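Below is one structure; the comments refer to it alone.
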Amino acid sequence: MITLLYPTLAILIGFALLIWSADKFVLGASNTARSFSISPLIVGVVIVGLGTSAPEMLVSSMAALDGNTGLSIGNAIGSNITNVGLMLGLTALFYPLHIHSKLLKREMPALLAIMAISYFLLWDQYLSFLDGLLLLIMMFAMLGFTIWEAKSNGEDTLPQEILDELPEEIGKGAALKWLIIGILILIASSRILVWGAVEVAEYFKVSDLIIGLTVVAIGTSLPELATTIAAARKKEFDLAVGNIIGSNMFNILGVMALPGLIHASSFDIAVLTRDYPVMIALTLALVIFSIAWRKGKIAILGRVEGALLLIGYLAYMVWLYKDAVSI
């Protein structure tokens, strides 16, 4: 029991510090950007978007540095599955989501396209430096297009909801302080978390991929859950869904790129035969739900749809459990 106690504590402490430091990083980074007169919309799309994916990115980087590519890839894919199946499914159960934004209805198919392209890049069962570089270039292209699209759709509800959720304004000195503290604790807490996750995987004799897809993915997705529920409670439904869509794009293009850039490696074939198809299926279900069920021109992601997404997620967890115990 003592053998497992310290890794478990490391995971819990790592998660708590990750969430806290990601919030402080966004506070510091957004206000630092404001002090350089950067557009608030750019701050909202880029910095806040990166901030919610910062836990995944740091954990993926630290795992890759340690040679645990499976944990890195599992974290990226598992976070996307968790975001749609668990986080969005739970939110829709309590707060049926009315999707007005034309931007979201275009970004959902774009997310599917990104998943298809990345699946093609990984088809050889090897995440190379070139694969990582291509994914990173696509991420910056996606960010530029998202900013341009948000600026050119003045009547859309989503850009204003993004602006409304910017962190409070603080002075330049305080902003730099929280930016530095946020980055340092993000790095330290992700290192602690990766150590704990690898130790737990070795203790239970399961792959680091499984740990990345489950425990680590759920923990690093907690900022998305908090943001999504908070937006839904304030009836900022487009932001609630947009937060998940944006985070999943970051995870595929940014988080997935890091292990390729840091530690190019082969990976378990289950990523292509089990995990990626589940991620695509849940995302496709979200797209269908957002298009098929309408009241006038408003797509409704209600309790039934939320329950179906949640059931899909739970079925996937059962599948992972069966695979883990059969190893």
Side-chain angles (χ1 to χ4, degrees), residues 18-19 21-23 25-26 29-30 33 41-64 72-84 87-88 103-104 106-119 121-122 127 131-150 158 162 165 182-183 186 190 212 216-228 231 239-262 276 279-280 282-283 286:
L18 267 178
I19 294 166
S21 57
D23 184 61
F25 167 77
V26 170
S30 60
L41 190 58
I42 293 176
V43 172
V45 171
V46 178
I47 294 176
V48 176
L50 280 172
T52 57
S53 291
E56 288 93 339
M57 297 183 81
L58 266 294
V59 168
S60 184
S61 298
M62 292 302 167
S72 296
I73 295 174
N75 181 33
I77 298 173
S79 291
N80 280 13
I81 293 171
T82 302
N83 282 347
V84 176
M87 306 305 180
L88 203 53
L103 298 180
L104 281 184
R106 284 199 289 271
E107 285 186 0
M108 287 182 189
L111 175 58
L112 281 172
I114 287 169
M115 288 179 178
I117 293 169
S118 59
Y119 188 80
L121 291 176
L122 299 177
L127 183 58
D131 292 333
L133 185 61
L134 288 172
L135 289 171
L136 201 63
I137 290 170
M138 287 170 60
M139 185 188 78
F140 286 113
M142 180 270 292
L143 282 173
F145 179 74
T146 301
I147 293 166
W148 173 82
E149 196 176 32
L158 183 57
I162 291 173
E165 291 303 310
I183 290 173
L186 270 170
S190 58
V216 177
I218 292 171
T220 55
S221 293
L222 290 176
E224 281 88 351
L225 177 63
T227 303
T228 302
L239 183 62
V241 180
N243 172 61
I244 296 297
I245 301 299
S247 176
N248 284 13
M249 286 181 173
F250 274 115
N251 288 342
I252 292 295
L253 299 177
V255 178
M256 186 81 80
L258 294 173
L261 295 171
I262 296 170
Y276 236 92
M279 178 178 68
I280 292 172
L282 282 173
T283 306
L286 175 61

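This structure is a prediction, so every number in the text was calculated from the model and none was measured.
Looking only at side-chain heavy atoms (C-beta outward), T228 and M87 stay at 4.5 Å or farther from each other. Side chains of T220 and N75 form a contact here, defined as non-hydrogen atoms less than 4.5 Å apart. In this structure, the side chains of S118 and M138 stay at 4.5 Å or more apart for every pair of heavy atoms. In this structure the side chain of I114 never reaches within 4.5 angstrom of the side chain of N248, judged on heavy atoms.
For the atom pair I73 CD1 and Y276 OH, the distance stands at 9.0 Å (nearest 0.5 Å). To the nearest 0.5 Å, atoms CG (L282) and OG1 (T82) are separated by 9.5 Å. If you take CG on L136 and CG on D131, they are separated by 12.5 Å, rounding to the nearest 0.5 Å. Note: S221 OG to E56 CD = 5.0 Å, rounded to the nearest 0.5 Å.
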For this session: Please step through side-chain contact (heavy atoms from CB on, under 4.5 Å) for the pair M108 and V241, ending with a clear verdict.
Result: CA-CA 10 Å; M108 287 182 189; V241 180; 3.6 Å; yes
Scan the side chains in residues 249-262 for donor-acceptor partners under 3.5 Å anywhere in the protein, sequence neighbours excluded, and list what turns up.
{"from": "N251", "atom 1": "ND2", "to": "N80", "atom 2": "OD1", "distance (Å)": "2.8"}
{"from": "N251", "atom 1": "ND2", "to": "S247", "atom 2": "O", "distance (Å)": "3.4"}

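A side-chain donor-acceptor contact under 3.5 Å links S21 to the backbone of L18.
Scanning all heavy atoms of the two residues, the minimum distance from A217 to G78 falls at CB-C, 3.3 Å. Taking all atoms of both residues into account, the shortest heavy-atom contact from L112 to I280 is CD2-O, 4.1 Å.
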